[in-house]
Each structure stands twice: as C-alpha cells, then as structure tokens.
Amino acid sequence: MNVIIFGPPGAGKGTQANNIVKKFNLHQISTGDLLRNEVKNKTQIGKDIENIISKGDFATDEIVSELIKNAVFDIKKKNKLIFDGYPRSLNQAKILDSLLKESKQKIDFIFFLNVKKETIIKRIEKRKILEKRADDDLTTILKRYDTYMDTTKPVLDFYSKNLNFYEIDGDEKIEEISNKIEQILSV
Ligand code: AMP
C-alpha cells in the first residue's frame, strides 16, 4: 500500500510516518529530509535551496519532483511508499498522480493530521531543544505555517473528496494518533 501523511509543520507527520514504516514495512519518503540531505552533501540542488529552506519558503516543484522520482520508480519500494511532507502544493499533487500512474501505482490511504497553531508552536519549540534544526526558529515556524496554509490548503481540498481520506485530530497524544492510524491501515 502507498500512504500520504500530511498536515502543517510540527503536526507530527514525521513521528507518525516513522511508526507506520516500522509496523507496515514501508519506505518513508520525506521531501524535507531529502532536501536537507542535498544541503548537507553540498550538491548543486543543495546550494540552490539552502537559502529557501532556511527562510521557510518552498523548494520549487521541479527540484522536489526530481528527488521523489527516484523513490516512486524504485522497484524495491513499489507499493510500499509513505509520503511525508509531500505533496505540499496542488501542482505537486498532480505531478505525484501522474508519476504514480506511470509506475502503475496509486495512493491507498491519505491522512491529514489536523492540529492547532498553538500546539505546533509548543512542539517545535521542544524539538528545537532536542534536535537544534537550523530552520526551527520561531519566525521561521510561523512563516512555514503561513506558507503551508497558503499553498497546502488546496491539496487538502483536492484530497478530502477521496473515500480513502482520513482527518485525524493531531492535538491528541502521539500514541493515540498512532493507534487510530494503525487501526485504519489494518482493515
Ligand atoms: P519539513 O521537514 O517537511 O518540515 O520540510 C522542511 C522544509 O523543506 C520546508 O519548510 C520547505 O522549505 C522544504 N520542503 C519540504 N518538502 C517540500 C515540498 N514538498 N515542496 C517544497 N518544499 C519542501
């Protein structure tokens, strides 16, 4: 099965995706991680996007598509994908649709982790202490939230019509959210 998990930054997507990966033997495709890797490895893409990411803006759809193509067409990962932080714009959702069609796959479950802005701020502040991610200062957090609302809301509208769309209350405890998701995936 292929899964999309999305929600505003700090909603707990990464944590939930990690858990699903372990329990259901999937491959996590996090565009945030892929992009940070490019920056770390100082590739051409990395040099182009370093500023963009640190400001909380979005990388271009071309760059992001290039990075996820490898995963979608990787035969070992076929029908075992969980997308975390992707797609983030309507255009990316359409690109993903066509990449999946081309590789004879589909999305089986879509989870939207809905969470309050205050909860997100609290969680990211905590993560900052634990991981010290460079892009996690408060201004960037709020910028990322606003960018998310502007650009990703249409993705929500695009997917929410689907029968396999599940909205999950992201303000609940991590374990409760995991349980809900596991129950849905186990049916
Ligand atoms: P994340 O770790 O998912 O919160 O992503 C960190 C940052 O990477 C975001 O604030 C964006 O600047 C960039 N990013 C991650 N995924 C995408 C995407 N699908 N499209 C554009 N930019 C992205």
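Keep in mind the model is a prediction, meaning the values are calculated, not measured. Every number for a ligand or one of its atoms is a count from 1 in the order of the listing.
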Report, one line per pair, each donor and acceptor closer than 3.5 Å where one atom sits in a side chain of residues 177-187; sequence neighbours left out.
{"residue": "Ser178", "atom": "OG", "partner": "Gln16", "partner atom": "OE1", "Å": "2.9"}
{"residue": "Ser178", "atom": "OG", "partner": "Ile174", "partner atom": "O", "Å": "3.0"}
{"residue": "Asn179", "atom": "ND2", "partner": "Glu175", "partner atom": "O", "Å": "3.4"}
{"residue": "Lys180", "atom": "NZ", "partner": "Glu172", "partner atom": "OE1", "Å": "3.2"}
{"residue": "Lys180", "atom": "NZ", "partner": "Glu172", "partner atom": "OE2", "Å": "2.9"}
{"residue": "Glu182", "atom": "OE2", "partner": "Asn19", "partner atom": "ND2", "Å": "2.9"}
{"residue": "Glu182", "atom": "OE2", "partner": "Lys23", "partner atom": "NZ", "Å": "3.0"}
{"residue": "Ser186", "atom": "OG", "partner": "Glu182", "partner atom": "O", "Å": "2.6"}

Atoms in ligand 1 with a heavy atom of [X] nearer than 4.0 Å:
X: Gln92; value: 18 (C), 19 (N), 20 (N), 21 (C)
X: Val64; value: 18 (C), 19 (N), 20 (N), 21 (C)
X: Tyr86; value: 19 (N)
X: Asp57; value: 11 (C), 12 (O)

Original post:
Got Ile49 and Ile63 here, is their nearest side-chain heavy-atom distance under 4.5 Å?
Top reply: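 Yes, close enough: below the 4.5 Å cut-off.
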Subject >> Which atom of Asp169 lies closest to which atom of Asp171, heavy atoms considered >> reply: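 Nearest pair, atom of Asp169 first, then Asp171: OD1-N, 3.0 Å.
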Original post:
Does a donor on one side chain and an acceptor on the other come within less than 3.5 Å for Asn91 and Asp61?
Top reply: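 Looking only at side-chain atoms, Asp61 and Asn91 do form a donor-acceptor pair, the distance falling under 3.5 Å.
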Original post:
Is it the side chain, the backbone, both or neither of Asp61 that has a heavy atom closer than 4.0 Å to ligand 1?
Top reply: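 Neither; no heavy atom under 4.0 Å.
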Original post:
At a non-hydrogen distance cut-off of under 4.0 Å, which region of Lys13 contacts ligand 1 (side chain, backbone, both, or neither)?
Top reply: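 For Lys13, no heavy atom sits under 4.0 Å from ligand 1.
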**OP:** Verify the ring-centre separation between Tyr166 and Phe111: is it less than 6.0 angstrom?
**Re:**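 So the answer is yes for these two rings.
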**OP:** Take every heavy atom of Ile52, measure it against each atom of ligand 1, and state whether any distance is under 4.0 Å.
**Re:**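 Ile52 does not count as a contact of ligand 1 under the 4.0 Å cut-off.
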**OP:** Supply the atom-to-atom distance Lys13 NZ to Asn18 CG, rounded to the nearest 0.5 angstrom.
**Re:**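 Reported to 0.5 Å precision, the distance equals 12.5 Å.
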Original post:
Do Phe58 and ligand 1 have an N or O pair less than 3.5 Å apart?
Top reply: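 No, Phe58 has no N/O under 3.5 Å of an N/O on ligand 1.
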Original post:
Does an N or O from Arg36, backbone or side chain, lie closer than 3.5 Å to an N or O of ligand 1?
Top reply: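 Arg36 vs ligand 1: N/O contact under 3.5 Å present.
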Subject >> Cluster check Val21, Met1: I/L/V/M/F/W/Y, side chain < 4.5 angstrom >> reply: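 Yes, same cluster.
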